[in-house]
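Quick note: numbers below take in every heavy atom, side chains included, and nothing from hydrogens, waters or symmetry partners. Naming: A, B, ... by sequence-line order, numbering from 1 per chain. From a predicted model like this one, the values you see are computed outputs, not experimental measurements.
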Amino acid sequence: MPLIRNGEIVADTWRVLEEVEDIPAEGDVIVSLERLKNSTKQIAARADRTGVAIENSADPVELEAHLAHLDLIALEFPAFTDGRAYSQARRLRTQYGFTGELRARGNVLVDQAGFLKQVGFDSFEVTDGQSLEIWNASARSMTLTYQRGYDGGQAIREFAR
Amino acid sequence: MYRYDEFDATFVRQRVDQFRGQVERRVNGELSEEEFRPLRLMNGLYLQLHAYMLRVAVPYGTLNSAQMRKLAFIADTYDRGYGHFTTRQNIQYNWPRLPDVPDILEHLAEVEMHAIQTSGNCIRNVTADHWAGVAADEAEDPRPHAELMRQWSSLHPEFSFLPRKFKIAVTGASADRAAIRYHDIGLRLKKNGQGEVGFEVFAGGGMGRTPMLAPRVRDWLAKEDLLPYLEAIMRVYNLHGRRDNKYKARIKILVHALGAEEFTAQVEREYARIDAPHIEPEQQELKRIAAYFAPPDYDALPGDDPALALRLEKHEDFAGWVERNVSAHRAPGYGIVNISLKPIGGIPGDASSDQMRAVADLAETFSLDEIRISHEQNLVLPNVAKRDLFALWQSLGEHSLADANIGLASDIIACPGLDYCGLATARSIPIAQDISRRLGDPARQREIGDMKIKISGCINACGHHHAGHIGILGLEKRGEEYYQITLGGSGDERASVGEIIGPGFSAENLTDAVETIVDTYMGLRENGETFLEAYRRVGPDPFKEAVYATH
């Protein structure tokens, strides 16, 4: 599962922690929401970074108390047609002020690249077999966006009309 | 009317290029049909029974002559010389080839048109009152707001993978000609106590297998708050709408499950924390859009044209057409001309390329270059001076476009049905044609009066049967088509959902049943009441008795 960040395939320094594993003191790990809630102190005391992966039915409000200790939030696309994570991302960025890494995982297709960036995702675990070239072409295929307040593209706001 | 600036033009062209790339990837196998499907749908391309179908957006139903001519050109070049105007103010081509579609979209872009989001689980083409800006009963022209929503909803990054399709309709009038309460979101511009104009907001209406009228979620919304408020509704729906069952995925099901009060509370909570100043357009931008919809320079004309009065006396056919097809205009000396696409025995909403070109020419000559598509599958020339009505009527007649049946029994809405559609369970078009022939005698249908017959060829209700005074739903059982009749539906400001009167009818017996219903009404009506008024007074029983006694 290649990871794309800033238009490049990069090595993934993050490891998804199994439920049975203890939380290590070192290394970048992604934990579940349950883990995050149950091990708050332990996570706050870690030397390295912690991220959380949440279901797309979870309310971002559940993360609110933990945001200070989170460097990454992974949001799920169980099917590319299931767009709940777009709204979760949007809420995390604009309503909870999350500035860490927002990762899209699951069934993530190149043709969604532009939308994902606009709502605030910055790393993407894309399905195997999709070329970086097509991903970047897709991400750049629309340089204009009518919506105000979203990232990416040149919004009407900045366009001299 | 709105004109693209460099931004709009570039946006649409980039979209065409993007889709061209996607089509290439599909053709060479890089994209599976499953992956391609939502991409092509968001560009208006369906795979139907016999071929692809391309649905082109006519935003809020407004066109100019050059655009109509382009539609005719596409019909001739890439289709079989005709197009089908739909209940969502769009036009559908039934026979395009996949590799040609990017070229078609490029032709459309040349005249500031597109097929963006005429399908798919996204915000669809925004519809509006087809008399917007010219109707005599309007608080404010809804088109600038419809255009704002067209722009805002186009490739919305957050709301392009919704649980299900999403339809918004807007009106500025007291009479509802846009069926707003049958939409996912319905908007009505109205004046408050201080004389300010704002929106009354309805959400959670729809047709399909579970027809629902949208409850009001906001009595008053300031105009400038429209987009942030819409984003709040969309976000609640995107996060909480059901995705496990496509028949329960529309917002109406969510609103119904939560209850209107709880749904409204959730929307208001979201709205309270939305960063409205970053979402709402600047005043300047609203003004820029509104300027395109400024009333045209109407000639200062007397309210009544003396020559017209004489012609009305001497030409009975013309008088009959004026009575049914010409409506009150806000400017003195002008009328709104409704062109029927419902010739007796014809296919509702179909127009040949010759007819499209004729309408384009007539719009240029007589209607300040403007044409509208109505959700009732007719065309409108919104700005015709009364002194020109006779000449216009004569020209329309030369193109078989002068049927004087607007709002009458033969002005039938019908979906394409099993003749084209991959979802249909029964035919709609032949049923419409049969009823039209049976009830279409000019004197008879005038005598019957206002009557909306609406036919859908499956439970999805594209033919709006739930809102028909007489609604017909085509179904299938053991390989046989049969048709259910509902009575008393309406899509206007007193909206109601039609009620099923009983067991269905075969295609052969259906027209007899419809005629019996009409005759029953004729027998029991009082003081010139319309069919709908009579039905609301007497209820379904007299109709049931008549229909099931004779069958």
Heavy-atom pairs under 4.5 Å with chain A - which of B:Met234, B:His240, B:Arg25, B:Glu231 has more of them than the others?
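When all of B:Met234, B:His240, B:Arg25, B:Glu231 are compared, B:Arg25 has the most.
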How would you list, in number order, the residues of residues 70-87 of chain A that have a heavy atom less than 4.5 Å from chain B?
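Residues A:Phe80, A:Thr81, A:Asp82, A:Gly83, A:Arg84, A:Tyr86, A:Ser87 are the ones that qualify, each having a heavy atom under 4.5 Å from chain B.
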Need one label for [X]: side chain, backbone, both or neither, based on atoms under 4.5 Å from any heavy atom in chain A.
| X | value |
| --- | --- |
| B:Arg243 | side chain |
| B:Leu31 | side chain |
| B:Asn238 | both |

Could you look at A:Leu116 and say if it's the side chain, the backbone, both or neither that has a heavy atom under 4.5 Å from chain B?
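Looking at A:Leu116, nothing touches chain B.
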Examine whether an atom of A:Gln112 lies under 4.5 Å from a heavy atom of chain B, and if so say whether it belongs to the side chain, the backbone or both; otherwise answer neither.
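Answer is side chain: those atoms of A:Gln112 sit under 4.5 Å from chain B.
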Considering only heavy atoms from C-beta outward, does the side chain of [X] approach that of [Y] to under 4.5 Å?
| X | Y | result |
| --- | --- | --- |
| B:Tyr60 | B:Asn125 | no |
| B:Ile253 | B:Val255 | no |
| B:Leu108 | B:His114 | no |
| A:Glu62 | A:Lys37 | yes |
| B:Gln151 | B:Glu285 | yes |

Which one of A:Val110, A:Asn107, A:Ile134 has the most heavy-atom pairs closer than 4.5 Å to chain B?
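Counting heavy-atom pairs under 4.5 Å, the top option is A:Ile134.
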N/O donor-acceptor pair under 3.5 Å between A:Gln88 side chain and A:Glu55 backbone
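Yes: the side chain of A:Gln88 pairs with the backbone of A:Glu55.
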Can you tell me if A:Ser32 uses its side chain to pair, donor with acceptor, with the backbone of A:Arg35 under 3.5 Å?
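Checking the backbone N and O of A:Arg35 against the side chain of A:Ser32, a donor-acceptor pair under 3.5 Å is found.
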Could you tell me whether B:Tyr52 and B:Tyr46 have their ring centroids closer than 6.0 angstrom?
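No - the distance between ring centres of B:Tyr52 and B:Tyr46 does not fall below the 6.0 Å cut-off.
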Between B:Phe159 and B:Phe166, ring centroids under 6.0 Å
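No.
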Taking the six-membered ring for Trp, are B:Trp152 and B:His156 parallel (under 30°), tilted (30 to 60°) or perpendicular (over 60°)?
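Taking B:His156 first and then B:Trp152, their aromatic rings stand perpendicular (interplane angle over 60°).
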Side chains of B:Glu268 and B:Tyr229: do they bring a donor and an acceptor to under 3.5 Å?
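Note: B:Glu268 and B:Tyr229 side chains meet the donor-acceptor criterion.
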With a cut-off of 6.0 Å (strictly less than), are more than 12 heavy atoms of other residues, nucleotides or ligands near CG of A:Asp22?
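Atom CG in A:Asp22 is not packed in, count stays at 12 or less.
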Check ion pair A:Arg93-A:Asp122 (N to O, under 4.0 angstrom):
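A salt bridge is present here (some side-chain N lies under 4.0 Å from a carboxylate O).
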Which of residues 34-44 of chain B have a heavy atom under 4.5 Å from any heavy atom of chain A?
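The list, in residue order, reads B:Glu34, B:Glu35, B:Pro38, B:Leu39.
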